[in-house]
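Here the structure is laid out as structure tokens; the discussion comes afterwards.
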Amino acid sequence: MNQGSKKKKNLLGALFITLLLYFIFSISGRIYTFTDNITVAVVTGGMYGDNNMCQYLHPLFCLIIKVLNPILPTADVFAVLMHAALLLGIFVMSYMTIENSFRKPIKKWDIEDYIFFAVLLCAITYFVLGFKLFGVNYTVQSAGILAMGLITLFYARYRGKGRRWIIAGTLLVFAGFLGRMEACLLFLPFIALELFIEFVRHRGRIKRAKEGLRYFLPMFVVIIGLLGSKALFLQFEPYKSDAAYNEYRTVAEDYPMETYGVSYKDFSEIDHSTYTMVLHWMLADTDLINEESLRKIAEVGSRNEFQATEQGIKGTFRDMKWMATTQDIHIMVLIFLAVVLTLWSLIAVRSIWLKLEALFSFGGGFIILFYFAFRGRAPIRVWQCTLIACLTNLALIMIKNRMDRRERAAHKTTVDQGNACGQGNACEQGNACEQGNACEQGSVCEQGGVGDQGSVGNQRDAGDAQETVLQQNGEQRKVSTRPVPIFTVVFQLFLCIVLYFGVGQVLAHSSIHAPTSPLTARIGQDDSGYEMTFEDNALYIWPGWYSAIPDYFSKQDKLPTQRVIEHNIAIGDWVYDQVYFREFLSRIDAENPALALLDRPNTYLVEGQEKIFLEYMQEHYGNDIQLEYSHEILNRKVYKLVRGEK
């Protein structure tokens, strides 16, 4: 089979795998299973107003979405672009799987090739269908996109790939950092480790280091450019103040806080009701709960979850154990994969440097998770992103080890048969050179051969070159160039079976439905459950955005309609005091939602946290304020805020 035909079949195979996996997800998974994904889509889709600068995305990403919104009016452009990046990554991973499994024309059945292909394909299938990569939280999606970009670039470097691979890998890195920069920053220690190990494995080879710039310089330019441009953007108002508000709010709402009034803390400038409101995600009083009050709350109340004592360390380990075993089955799967790949690397991989890389990758991931757990800042997303970063390096070790074995086997065959450049074989027999093959093009040895494991070309073609020489010599017998370690085959087979059944269990509990797509996320919604809120310019303030509205529409795989957005808000969420939300509140005549409950006609509070809110309002705006039952919506009580003793 010629190279052009083989490459075409590889491309078609990768495209088939990618589209098949996306189709299966579209009929068995859901796009909107996370509230944050819906909220980001609402913000970037301009549903709060023309300004769509979401604080969790890179400003350039928001600008791109803003340009595309009029072109794709029925789509959730944010999800479309995230899915497009994921599809590109899955396509590249599928192509790499096919190419790296079957490196040469197969003349007879090769068990290792098929098992290696199966385990990589099962891994891709698990992350797409089992992990539900197209519907998982956008933070984890960004980590997945970056991971695929890094694998693409490093694989291209190992195999001496050309410009298209560099562009694809750099584009994926770019997309990952555009999505959620905080998630991608967790990868930087693992990137540094991979580059360091490659440098020491091929120490002293200046030529190899210079060649590496071709592959990794664009990536570093992209990373530095995006980090620097976002930092610069946040130096200008109103985004500078918005970022400060969001930082203090995140500390107060998402992470451990002291109990109000502890003896060693000075709470004199913070009243109890305000402190309680903020800790319960109730930010509706935009006049009093602002950047300054949040800063004071964050500074006074912030603490670590555990102390640097023996008991604190034991508590951290208990917390990590609880998180790993009870919160999400996929955390356990990712940990299992990391442990198994690390053990396999320590036992079966020959290179001491790759063993060290595996050990430091796993250990480094554990240290990062321990740090965040100790601080009390280790939600599921941090676990998932850190484990994906760790698995990225372990996957690269698996690929490099396979290449090393092929190269060693090819070198052994070369030595046994007589080197093509001077031991009386191919050239002296008048075959290879006359036919314009290895010797005229620079033999295996001249290209850096097996003696130079850092050479770009030889790792890609060493095994193939030997088979070509033997065929041109007229050899009729098949020379085995790849001895198969039994432990490796057993390991890969075990991993394949586990991943296969893991995906099967997820799909077995999935319900099949009509195909869904982010291209139609803004049309065809059923918002009849909220019709009551549209009457007489009413405004309903819910105890939490996540409590009802996203769930109602996520079951449809749709975004909320514009009229639902304009008549229903949360009593507190991360959109508060951002430029887009301030403009939105002004447009609906509710600049201060807490006071709007008193002054704005047909403005209601939905049950959930009404007692905390009433205490706050009575303390700050009058003891005569009372809650008055009005009606019900979606089986929830609805109140009006009124003045006067009952």
> Going through the distances and angles, do Asp577 and Arg582 end up as a salt bridge (charged side-chain N to carboxylate O under 4.0 Å, His left out)?
Replying inline: CA-CA 6 Å; Asp577 208 39; Arg582 291 196 299 270; 3.5 Å; yes

> Run the side chain to side chain donor-acceptor pair (under 3.5 Å) check on Gln55 and Tyr580 step by step: do they pass?
Replying inline: CA-CA 10 Å; Gln55 64 267 37; Tyr580 52 81; 2.8 Å; yes

> Should Phe584 and Glu566 be marked as a side-chain contact (heavy atoms from CB on, under 4.5 Å) after you check the CA-CA gap, both sets of side-chain angles, and the distance that decides it?
Replying inline: CA-CA 8 Å; Phe584 168 75; Glu566 293 184 352; 4.1 Å; yes

>> Could you walk me through whether Phe267 and Tyr260 satisfy the ring pair (Phe, Tyr, Trp, His ring centres under 6.0 Å) test, starting with their C-alpha distance in whole Å, then the side-chain angles of each, then the deciding distance to 0.1 Å, before giving a yes or no?
In response: CA-CA 7 Å; Phe267 285 86; Tyr260 183 83; 4.9 Å; yes

>> For a ring pair (Phe, Tyr, Trp, His ring centres under 6.0 Å) check, start with the C-alpha distance between Tyr371 and Phe374, then their side-chain angles and the critical distance, and finish with the verdict.
In response: CA-CA 5 Å; Tyr371 168 78; Phe374 179 81; 7.9 Å; no

> Should Glu610 and Lys637 be marked as a side-chain contact (heavy atoms from CB on, under 4.5 Å) after you check the CA-CA gap, both sets of side-chain angles, and the distance that decides it?
Replying inline: CA-CA 10 Å; Glu610 66 276 9; Lys637 293 179 181 179; over 6 Å; no

> Passes side-chain contact (heavy atoms from CB on, under 4.5 Å), Tyr275 versus Val300? Steps please.
Replying inline: CA-CA 10 Å; Tyr275 194 78; Val300 172; 5.7 Å; no

>> Between Leu641 and Leu627, is the side-chain contact (heavy atoms from CB on, under 4.5 Å) condition met? List the steps.
In response: CA-CA 5 Å; Leu641 219 62; Leu627 288 173; 3.1 Å; yes

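Panel note: side chain Glu583, backbone Tyr48; no donor-acceptor pair is recorded below 3.5 Å. In this structure, the side chain of Thr325 does not engage the main chain of Met332 through any donor-acceptor pair within 3.5 Å. No donor-acceptor pair closer than 3.5 Å links the side chain of Asp573 to the backbone N or O of Val575. Side-chain atoms of Asn52 come within 3.5 Å of backbone N or O of Cys62 as a donor-acceptor pair. Within the 3.5 Å criterion, the main-chain N or O of Ile523 finds no donor-acceptor partner in the side chain of Thr520. A donor-acceptor pair is defined here as one N or O able to donate and one able to accept, closer than 3.5 Å; no such pair exists between the side chain of Asp557 and the backbone of Ala521. Proximity of a side-chain donor or acceptor of Lys66 to a complementary backbone N or O of Asp50 within less than 3.5 Å is detected. In this structure, Lys230 contributes its side chain and Pro59 its backbone to no donor-acceptor pair below 3.5 Å. Between the side chain of Ser229 and the main chain of Leu226, a donor-acceptor pair closer than 3.5 Å is present.
For the atom pair CG (Leu283) and CD1 (Ile571), the distance works out to 9.0 Å, reported to the nearest 0.5 Å. Put simply, CZ on Arg180 and CZ on Arg381 are 7.0 Å apart, with the number rounded to the nearest 0.5 Å. Separation of atoms CD1 (Ile612) and CG (Leu614) is listed at 11.0 Å; rounding is to 0.5 Å. Between the CD1 atom in Ile191 and the CG atom in Leu186 there is a gap of 11.0 Å [rounded to 0.5 Å]. Here the CG atom belonging to Leu391 is positioned 6.0 Å from the CG atom belonging to Leu337, to the nearest 0.5 angstrom. To the nearest 0.5 Å, the span separating OH on Tyr248 from CG on Leu294 amounts to 9.5 Å.
Within the 4.5 Å cutoff, side-chain heavy atoms of Leu86 are placed close to those of Gln141. Side-chain contact check for Tyr576 versus Arg249: every heavy-atom pair is 4.5 Å or farther apart. Between Thr44 and Phe61 there is no side-chain heavy-atom pair separated by less than 4.5 Å. At a threshold of 4.5 Å between non-hydrogen side-chain atoms, the residues Thr274 and Leu288 do not count as touching. Side chains of Thr276 and Tyr616 form no contact here, defined as non-hydrogen atoms less than 4.5 Å apart. By the 4.5 Å heavy-atom criterion applied to side chains, Pro543 and Val606 are counted as neighbours. Side-chain contact between Leu178 and Leu81: absent, with no pair of heavy atoms (C-beta onward) separated by less than 4.5 Å. Looking at His58 and Phe233, their side chains never come closer than 4.5 Å, going by heavy atoms from C-beta outward.
Between Tyr604 and His631, the gap from one ring centroid to the other is short of 6.0 Å. Taking the six-membered ring for Trp and the full ring otherwise, Phe127 and His330 have centroids separated by 6.0 Å or more. In this structure, Phe190 has its ring center at least 6.0 angstrom away from the ring center of Phe187. For Phe553 and Tyr32, the distance between ring centers is not under 6.0 angstrom. For Tyr22 and Phe134, the gap between ring centers is short of 6.0 Å. In this structure, the ring of Tyr552 has its center less than 6.0 angstrom from the ring center of Tyr530.
Taking both residues in full, the closest heavy atoms of Ser293 and Ile289 are given as OG-CA, 3.4 Å, listed atom of the first, atom of the second, then distance. When all heavy atoms of Ala373 and Met320 are compared, the closest pair comes out as CB-CG, 3.6 Å. Contact detail for Leu129 and Lys132: the closest heavy-atom pair is O-CG, 3.4 Å. Shown here for Ala175 and Ile145, the closest heavy-atom pair between the two residues is CB-CG2, 3.9 Å. Residues Arg377 and Val382 come closest through the heavy atom pair O-CG2, 3.9 Å. When all heavy atoms are compared, the tightest approach of Asn304 to Arg375 is OD1-NE, 2.6 Å.
Side-chain contact of Asp36 with Tyr56: a donor-acceptor pair under 3.5 Å is absent, judged by distance alone. If you check the side chains of Ser517 and His83, you find no donor sitting under 3.5 Å from an acceptor. Counting only N and O atoms by type, the side chains of Gln311 and Gln307 include no donor and acceptor under 3.5 Å apart. For Asn602 and Asp536, the side-chain atoms include no donor-acceptor pair closer than 3.5 Å. In the model, Asp271 has a side-chain atom that pairs as donor or acceptor with a side-chain atom of His620 under 3.5 Å.
We find that Glu291 and Arg295 are not joined by a salt bridge, their nearest charged nitrogen and carboxylate oxygen being 4.0 Å or further apart. Salt-bridge formation is not detected for the pair Lys611/Glu615: no Lys NZ or Arg NE/NH1/NH2 atom is positioned less than 4.0 Å from an Asp or Glu carboxylate oxygen.
Of the listed residues (Ile625, Val642, Thr603), just one forms a side chain to side chain contact (heavy atoms under 4.5 Å, CB included) with Leu597, and that residue is Thr603.
Using the six-membered ring where Trp is involved, Tyr639 and Tyr629 have ring planes that are perpendicular, over 60° apart on the 30 and 60° scheme.
Within 6.0 Å of CD on Glu237 lie more than 12 heavy atoms contributed by other residues, nucleotides or ligands. Other residues, nucleotides and ligands contribute only 12 or fewer heavy atoms inside 6.0 Å of the CD atom of Glu269. The number of heavy-atom neighbours closer than 6.0 Å to NZ of Lys265, taken from other residues, nucleotides and ligands shown, is above 12.
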